[in-house]
Amino acid sequence: MEGRVSIFKLVIPGSRAQFGRKSFEFAYGLPYNHQVFEAFTEPIDARTRYCAVYGHPVRHSASPAMQNAGISALGFNWRYLAFEVHPDSLSAAITGAKAMNFIGLNLTVPHKVLAVGLVDALDDSARRWGTVNTIRFEGHSSSGQWQPLREFEQIPPEVRAHGFNTDADAITRALSEDLGFEVTGRKALVLGAGGAGRTAALKIAAEGVADLFLVNRSRAKAEAVAEEIVETYPNVRVTLDYPSCAIDLVLNTTSVGLGAEDPSPLDRDRLPLERIGAVYDMIYRPAETVLLKQAKAAGCRVANGLGMLLYQGAKALELWTGRPAPLQVMRQALERNVYG
Ligand code: ATR
């Protein structure tokens, strides 16, 4: 995005003056983050509330662009920021946001597992999938209920960090809405058994996939995921190998494809593309990985991971605002941010 956006407008609260990027940087001696400001017509003022994403690294996160577009479309006087937070400081950073009356947080790599032990309460989604990617700060109301902080004009005396997982639902929503694929009763191959692979495999097992094939570079990790699935979802047939039959879905959760020179993570000698119905690649940058290019050419239905990113973010925004997320606006902002 650097050097691409040429119109910068910032309204300074109380002055009505509009500054360009150069004059902002000159006046304040600070780099001007146009992605935070550009979507809003209303200025930041003393009542502005904040959300943020914490990551390490975080500088390539598309969440600020997506969430600020959504927040702006809903008309909230909120802003969504991004902070580079080292895992050693995650606890302090969550406590800090709580103390400063933040509305909520998103957590990205490498914080999602660590955050489970740092929040004050876990939603069923976080307990079930074992990771927290969204925190909603909640106040203890006079009626004795915990309510989202957006409900309070004054900072309540007692605030808690409530942890949710919005990633898992985003996987099946993306398969359904972007690929037209319903999991129940189908055969699926999941490539990768890292954090994303584990959640994806468990989620499609929970949704009633009939046959699940798991392949990972290091077999031990795939074995651990398989054990968890067999224990929790005994109706799912789990195989730690490529299928020898035709398969409805291949889901890539590995990082292979992120690099410009990366090959496809799929061993086509073990599973020819002609035997595959649909391919979902969690990678969204590049928009078309080698895997997706080859699968499309072979006639498979394909989709990249942008939808997953969108749906997990949309759900987080709904948890914070209590309103339906403006999906189209958020999708456009995301596409502009990621693909330019
Ligand atoms: P995430 O939490 O996003 O899933 P991760 O836990 O680092 O990230 O998992 C990345 C996945 O990509 C893992 O399944 C990893 O395989 P290993 O479990 O063997 O590490 C997989 N992966 C990464 N580089 C790979 C490569 N060159 N070939 C095959 N798989 C690879």
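Along the sequence shown, residues are numbered consecutively beginning with 1. Each ligand, and each atom within it, is numbered from 1 in the order the structure gives.
- Given atom 24 (N) of ligand 1, the protein heavy atom at minimum distance is R217 NH1, 3.4 Å.
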Do N106 and N133 pass the side chain to side chain donor-acceptor pair (under 3.5 Å) test, and can you show the C-alpha distance, the side-chain angles, and the key distance before you say yes or no?
CA-CA 5 Å; N106 280 138; N133 76 317; 5.6 Å; no

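- Of the protein's non-hydrogen atoms, S218 OG, 3.4 Å is the one closest to atom 17 (P) of ligand 1.
- Contacts between V256 and ligand 1 below 4.0 angstrom, taking non-hydrogen atoms only, involve the side chain exclusively.
- The aromatic rings of Y50 and F102 are tilted relative to each other, their planes meeting at an angle between 30° and 60°.
- In this structure, atom 9 (O) of ligand 1 has a protein heavy-atom contact shorter than 4.0 Å.
- Closest to atom 2 (O) of ligand 1, if we only count protein heavy atoms, is G195 N, 3.2 Å.
- Within the 4.0 Å heavy-atom criterion, the part of A193 lying near ligand 1 is the backbone and not the side chain.
- For ligand 1, the polar-atom distance check against G192 finds no nitrogen or oxygen pair separated by under 3.5 Å.
- Ligand 1 has at least one atom lying under 4.0 Å from a heavy atom of S255.
- Classified by interplanar angle (parallel below 30°, tilted 30° to 60°, perpendicular above 60°), the ring pair H86/H56 is perpendicular.
- Of all atoms in ligand 1, numbered sequentially from 1 with element shown, those under 4.0 Å from a heavy atom of G194 are 4 (O), 6 (O), 9 (O), 13 (C), 14 (O).
- Ring centers of H162 and W146: at least 6.0 Å apart, outside the cut-off.
- Using modelled atom types, no side-chain atom of S176 and backbone atom of G180 make a donor-acceptor pair closer than 3.5 Å.
- The main-chain N or O of A168 is found under 3.5 Å from a side-chain atom of N165 such that the two form a donor-acceptor pair.
- With hydrogens and angles ignored, the 3.5 Å screen pairs a side-chain donor or acceptor of R198 with a backbone N or O of W129.
- A salt bridge does not link E182 with R186: none of the charged nitrogens is closer than 4.0 Å to a carboxylate oxygen.
- The contact set between ligand 1 and A196, taken as ligand atoms under 4.0 Å from a residue heavy atom, comprises 1 (P), 2 (O), 4 (O).
- Of all protein heavy atoms, the one lying nearest to atom 11 (C) of ligand 1 is T254 CA, 3.9 Å.
- When K98, R136, R160 are each tested for a salt bridge (charged side-chain N to carboxylate O under 4.0 Å, His left out) with D120, only one passes: K98.
- Proximity to K221 (heavy-atom distance under 4.0 Å) selects the following atoms of ligand 1: 17 (P), 18 (O), 20 (O).
- Distance from atom 16 (O) of ligand 1 to its nearest protein heavy atom, with residue and atom name: N216 OD1, 3.3 Å.
- The distance criterion of under 3.5 Å between nitrogen or oxygen atoms is not met by T253 with respect to ligand 1.
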